[in-house]
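To start, the structure itself, in structure tokens.
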Amino acid sequence: MTHVFTPAAPAAVPVEGGGTFPVHRIYCVGRNYAEHAREMGHSGREPPFFFLKPADTVVPVAFGATGAIDYPGLTSDLQHEIELVVAIGKGGRDIAAAAAREHVFGYAIGLDMTRRDRQSEMKKQGRPWEIGKAFEQSAPISPIVPIARSGVLSGGAITLAVNDQPRQQGDLSDLIWSVDETIEQLSRAWTLQPGDLVFTGTPAGVGAVQRGDLMEGRIAGLGALRVVVR
Ligand code: MN
């Protein structure tokens, strides 16, 4: 069979040290830091929940460079969520937390950009979140650092500043569901495949950005992700 049109090239994220990581799916974890859960009006350790973004929402930004995203339509409350991103290198289903590490190819710094006004409306109405989360350019991301280079990241600062003003601050050790536990839970619901990215949730301090703002996210052991809103 021949395609009736030329398919789009697969989304891909550069890998530190060479090559690119072709993106299969983007999974995101909701409310995975206690303080952020509280700022969103929730408390306690509830089972993790997931949503997805299309693979082509990634906007790769090299370390040391400043990337750009367009302010999207349909919102007047575009918000930043800085997140540790886990890149899956080996697929599987029903993966035990104790074995999860073998499935991790590496890590990246990601921004789960959110049309908060649209998301809040959909939540209120019990409707799907896609319009708030899964829009184009909603997943700026640094290069992927192989775990062989970074080592296992289970603690360390995760921060975001806007125009050099601190906004979000947390520590990877404060994840309600650790990376290993997240992979366990996620792989019960979906068969993970090489190329999957997992946005693991954001610490407290989410807030709005305007056109012209410069976001700088940092994760200890990885580096910085700089993105301007245009
Ligand atoms: Mn998020």
Side-chain angles (χ1 to χ4, degrees), residues 13 23 25-43 45-61 67 69 72 75 77-88 107-124 127-142 144 153 157-162 167-179 181-183 185-186 189-190 196-209 213 215-219 222 225 227 229:
V13 178
V23 182
R25 288 182 187 158
I26 304 175
Y27 298 99
C28 302
V29 187
R31 294 195 289 266
N32 204 15
Y33 288 81
E35 242 179 276
H36 172 64
R38 278 196 288 277
E39 78 181 350
M40 300 305 283
H42 297 267
S43 61
R45 195 191 204 216
E46 57 181 350
F49 67 90
F50 307 103
F51 59 92
L52 286 90
K53 290 182 189 253
D56 66 358
T57 58
V58 291
V59 179
V61 182
I69 58 170
T75 185
D77 192 14
L78 177 66
Q79 295 202 354
H80 52 75
E81 296 191 358
I82 184 70
E83 309 203 2
L84 172 69
V85 180
V86 176
I88 300 295
Y107 305 101
I109 309 166
L111 277 164
D112 168 16
M113 297 305 296
T114 303
R115 287 162 164 155
R116 192 72 71 200
D117 40 4
R118 296 286 82 82
Q119 183 200 23
S120 302
E121 268 175 24
M122 293 299 112
K123 272 189 193 171
K124 217 174 289 171
R127 290 180 177 171
W129 286 11
E130 276 85 349
I131 200 153
K133 287 289 195 180
F135 52 95
E136 286 151 30
Q137 304 184 343
S138 63
I141 187 168
S142 76
I144 293 167
L153 294 186
I158 173 169
T159 60
L160 183 102
V162 176
R167 289 272 187 99
Q168 294 191 258
Q169 283 173 50
D171 195 286
L172 298 178
S173 62
D174 294 334
L175 279 170
I176 296 173
W177 296 91
S178 70
V179 167
E181 291 170 328
T182 295
I183 289 172
Q185 300 265 355
L186 192 57
W190 289 275
D196 288 338
L197 295 175
V198 185
F199 279 61
T200 57
T202 198
V206 298
V209 284
D213 282 350
M215 302 178 283
E216 182 173 285
R218 291 183 170 274
I219 295 179
L222 294 181
L225 168 65
V227 181
V229 183

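Numbers for residues simply follow the sequence, beginning at 1. All ligand and atom numbering here is 1-based and tracks the order in the structure.
- Between the side chain of Thr202 and the backbone N or O of Ile82, at least one donor-acceptor pair lies under 3.5 Å.
- For Asp112, the N, O or S atom with the smallest separation from the Mn ion (ligand 1) is OD2.
- Ring geometry for Trp190 against Phe50 counts as perpendicular: the plane angle is over 60°, on a 0 to 90° scale with 30° as the lower cut.
- Remark: side-chain polar atoms of Arg115 are paired, donor with acceptor, to backbone N or O of Ile131 under 3.5 angstrom.
- Counting only distance, with no hydrogens or angles, the side chain of His36 and the backbone of Gly205 share no donor-acceptor pair below 3.5 Å.
- When you scan the N, O or S atoms of Glu83 for the one nearest the Mn ion (ligand 1), you land on OE2.
- Of all N, O or S atoms in Glu81, the one lying closest to the Mn ion (ligand 1) is OE1.
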